[in-house]
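To find a chain, count down the sequence lines: A is the first, B the second, and so on, and within it residues start at 1. Everything numeric in this text was worked out from a predicted model, so none of it was measured.
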Amino acid sequence: MKHIITALVQNQPGVLAHVAGMFAARGFNIDSLVVGRTEDPELSRMTIVVVGDDRVLEQVRKQLEKIIPIVKVRDFMNVSYVERDLMLIRIHATPEKRPEVVELVNLFRGKVVDVAKSSLLVELSGAEEKVEAFIELARPYGIRELARTGIIAMPRGTQSDSRQTDEADE
Amino acid sequence: MTKKSKSSEGASFLGASGAELFDRILQEEGVEVLFGFPGGMVLPIFDRLYSSPIKFVLSRHEQGAAHMADGYARSTGRTGVVIATSGPGATNIVTGLANAHMDSVPMVAFTGQVRSALIGNDAFQEADITGICRPITKHTCLVKRVEDLGRAMKEAFYIARTGRPGPVLVDIPIDVSTSKLAQEPNLQIALPGYKPRISGHIRQIKLAAEAINASKRPVLYVGGGVIIAGASEALRELAHKGKLPVTTTLMGLGAVDEADPLAMQMLGMHGSATANYAVQDSDCIIAVGARFDDRVTGNTATFAPKAKIIHIDIDPASISKNIKVDIPVVGDAKDSLERIIEFIQPVDRSPWLEQIAQWKKRYPFTYEANGNIKPQEVIDTVAKLTDHDAIVATGVGQHQMWAAQFYKWRKPRQAIISGGLGTMGFGVPAAIGAQFGNPGKTVIDIDGDGSFTMTMVEVITAVRYDQPVKWIVLDNDYLGMVRQWQEMFYGRRYSATPHPCPEFKAIAEGFGARGISIRDRAELADGLNEALRHPGPVVVDVKVEPEENVFPMVPAGKSLHEMELGKLA
Ligand SMILES: Cc1ncc(C[n+]2csc(CCOP(=O)(O)OP(=O)(O)O)c2C)c(N)n1
Ligand SMILES: [Mg+2]
């Protein structure tokens, strides 16, 4: 079972090493760990996808809370949220195959960001399943290279003021 | 955050060097003694300490200094402080920090570091000590600018002593010690992610009380958290009001007076049969400031199988980590117990108490005082001679377990024992630290020959600073605890456990302490008495039965009730 946890952390040297070390030392399995800046220059947000049952999730949360530069931990159990994973993928595409691939990219609302003689570099974001579905469909053409950011997530606003905009839930 | 505060005493730090600031903040924090060892990267700090009112104790090895700070902290409840230089000085305190961390001991360690500009260059005596210590401390911090030093120190002391206490490491590059403050430093603690004061939720408190009231066979299972929180009196009250039998962990020794009829002594791998049977039979375990360590639970799948589990602990991460908890109360032990007491109703539990009394009669800790001097006999004698009132440190091994079983502990902060990490060599320096914190009190280290040898060099420190510690070495010429496992589970193949010892008496005398050798039962009481009456430090070397075993024993992976009883069987 996968769980998403986010942690607001003080921007201090060693915090990432601390978190990564804690996961390794306690044998927690993580799928991805993303760190990035937030609206507050003193704080960063880590988004961690953990694999394990509810008890593992609870331990992970508590162990994160013990790390002193970690200001706030939140898990997304029983919460409606939006998740995004950003991917850059280089797909083998000879000029003959190119339109076919571009059509696929458009279907997924991706973007072609670089075109070379025999390949296309595509940018695509969305929930994990969408990104993975695209990868499966791109596979027959030949995937040259692939990079993903890992998931970032945020809860939706309160039910009343929350509207699904742009992409509906994929 | 922009507010620039002066020190709490209102004095100005303007123009002070990092080293001066260091000294003055330590004084503000009420530090009276500092244990450590000098070196190049702490030269400016030591220069300042030369004229500081804080007492500095030079150990003979940094590990010794760290354990002294630890023993000082455990025995007094104050924060122990240790300082070492960069590189090897810093790595030498690693065991001391890990040890304090496992047992939640408030400690602050300062290490020198190479010049900021050289960090990361593999400079001479550089070690990434904050990186090394991160997983074995409560917090670490590398100070980059002199402006941050005061706040970092204040935060270190605050973090070390609050919540679930623990060691904090502050790494100070030499240029931070030498630079001068061009502006008043900001000493305001800024720890938005640290909220140590938690009070148990009233709903949980009531649930806990209800479960206790409904229980027919309750057991209070008490750990070191009760001692740390100063909750012994509240615990006694709860136990008596509710007629709740009490067992303690190794770390909880002294949290209850073992002379109390409700006391069942220690539980777990080498715990009393009474405590272990009671836990396995109980319908309600009330864990207070304990963490269900594997040495306590044995096989977790069959631990206390009939019991509802209440767990009172200040560390939320301890709840349901090893054992699924039914009623968690996250909060300070003293506060939580005092609030639970109010809801406790008197219940007649005579059948349960009767059963426990029978077990206690049938299965006391025991030994036979014949043949060679028995190690248990030595502890028994020491306990009686000191009226169970001394501060007692131990090493790690069989002697430690016998000390736990036979001293008959009475008071909190009396047992100075390495529990979580099980660090051989802890006892010698820890006793010295405890003596520094308790001048005039009898401080004893009941040690093993192996553990003693690891750190015995610190006897020199006690001699130099007139600390009258009594080291009593239960000398079996074996790494006994390991030998016992080899005897029981490895067909008596004593691989690397025979441990022939030198003349500890001569060594003690060479170090400037008194040395006493006891070889005969007839000399035992007199020899120990003589040691205890001697005004200075004494090493007593007692040759004991080399192949005595510790019982009861729950073999690894077995359930508590499957313990081997030895002679009691
Ligand atoms: C630093 C360290 N190294 C190794 C061990 C493993 N160990 C546990 S008990 C023990 C034997 C201790 O011998 P001694 O101090 O003579 O005590 P005894 O068991 O003989 O009473 C050993 C080697 C340890 N606990 N700590
Ligand atoms: Mg021995």
Side-chain angles (χ1 to χ4, degrees), chain A residues 1 3 5-30 33 35-48 50 52-75 77-78, chain B residues 1 98 101 104 113 116 119-120 128-145 148 151-152 155-156 158-160 162-171 189-196 198 291 300 313-325 328 330:
Chain A
M1 181 68 187
H3 299 282
I5 296 185
T6 65
L8 265 186
V9 307
Q10 288 180 283
N11 284 329
Q12 285 174 6
V15 187
L16 178 59
H18 199 162
V19 171
M22 185 276 284
F23 275 99
R26 295 194 178 268
F28 297 138
N29 270 323
I30 56 178
L33 193 164
V35 197
R37 283 184 248 181
T38 63
E39 72 283 3
D40 182 338
E42 312 231 320
L43 298 176
S44 294
R45 188 184 308 276
M46 290 187 185
T47 309
I48 305 152
V50 194
D53 57 21
D54 292 0
R55 236 177 104 178
V56 169
L57 174 73
E58 186 181 326
Q59 260 301 307
V60 168
R61 213 191 59 227
K62 288 171 170 175
Q63 292 296 342
L64 283 171
E65 275 164 355
K66 274 178 91 155
I67 296 176
I68 286 165
I70 293 191
V71 178
K72 194 172 168 151
V73 181
R74 177 194 240 167
D75 68 57
M77 282 271 270
N78 313 318
Chain B
M1 213 83 95
H101 188 51
S104 308
Q113 182 54 279
S116 316
I119 292 178
D128 173 15
I129 197 65
T130 49
I132 290 169
C133 290
R134 214 170 275 130
I136 52 150
T137 53
K138 188 170 174 188
H139 186 58
T140 64
C141 146
L142 167 65
V143 180
K144 293 260 178 73
R145 309 176 315 151
D148 299 332
R151 184 175 43 80
E155 289 178 352
Y158 177 66
I159 291 169
T162 50
R164 178 175 178 178
V168 178
L169 173 86
V170 182
D171 197 22
I189 289 175
L191 298 166
Y194 183 60
K195 294 165 202 87
I198 340 174
R291 60 187 176 85
T300 48
D313 206 284
I314 195 152
D315 180 5
S318 286
I319 308 277
S320 290
K321 183 173 66 182
N322 303 335
I323 295 276
K324 174 104 184 56
V325 171
V330 179

Between P192(B), S320(B), S318(B), G163(B), the one whose heavy-atom pairs under 4.5 Å with chain A are most numerous: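 Option with the top pair count is P192(B).
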
So which residue, K144(B), R134(B), H139(B), ends up with the most heavy-atom pairs under 4.5 Å with chain A?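 Max contact count across the listed options: R134(B).
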
Which heavy atom in K66(A) sits nearest to a heavy atom in A317(B), and how many Å separate them?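 In terms of heavy atoms, the two residues are closest at CD-CB, 3.8 Å.
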
For P316(B), is it the side chain, the backbone, both, or neither that has a heavy atom closer than 4.5 Å to a heavy atom of chain A?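 For P316(B), the contact with chain A is made by backbone and side chain together.
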
Does any heavy atom of chain A fall under 4.5 Å from the side chain of I319(B), the backbone, both, or neither of them?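 For I319(B), heavy atoms of backbone and side chain both lie under 4.5 Å from chain A.
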
Give, for atom CG of L191(B) and atom CD of Q10(A), the distance between the pair rounded to the nearest 0.5 Å.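 Result: 7.0 Å between the selected atoms.
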
Rounded to the nearest 0.5 Å, what separation is found between the CG atom of N322(B) and the CD atom of Q59(A)?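 Separation between the atoms: 8.0 Å.
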
In terms of heavy-atom pairs under 4.5 Å, which option from A17(A), G21(A), A25(A), G14(A) contacts chain B the most?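 When all of A17(A), G21(A), A25(A), G14(A) are compared, G14(A) has the most.
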
With a 4.5 angstrom heavy-atom cut-off, is it the side chain or the backbone of I68(A) that approaches chain B, or both, or neither?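 Both the backbone and the side chain of I68(A) come within 4.5 Å of chain B.
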
With a 4.5 angstrom heavy-atom cut-off, is it the side chain or the backbone of R55(A) that approaches chain B, or both, or neither?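 Looking at R55(A), just its side chain touches chain B.
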
Is it the case that over 12 heavy atoms from other parts of the model lie below 6.0 angstrom from the NZ atom of K72(A)?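 Incorrect, the count does not exceed 12.
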
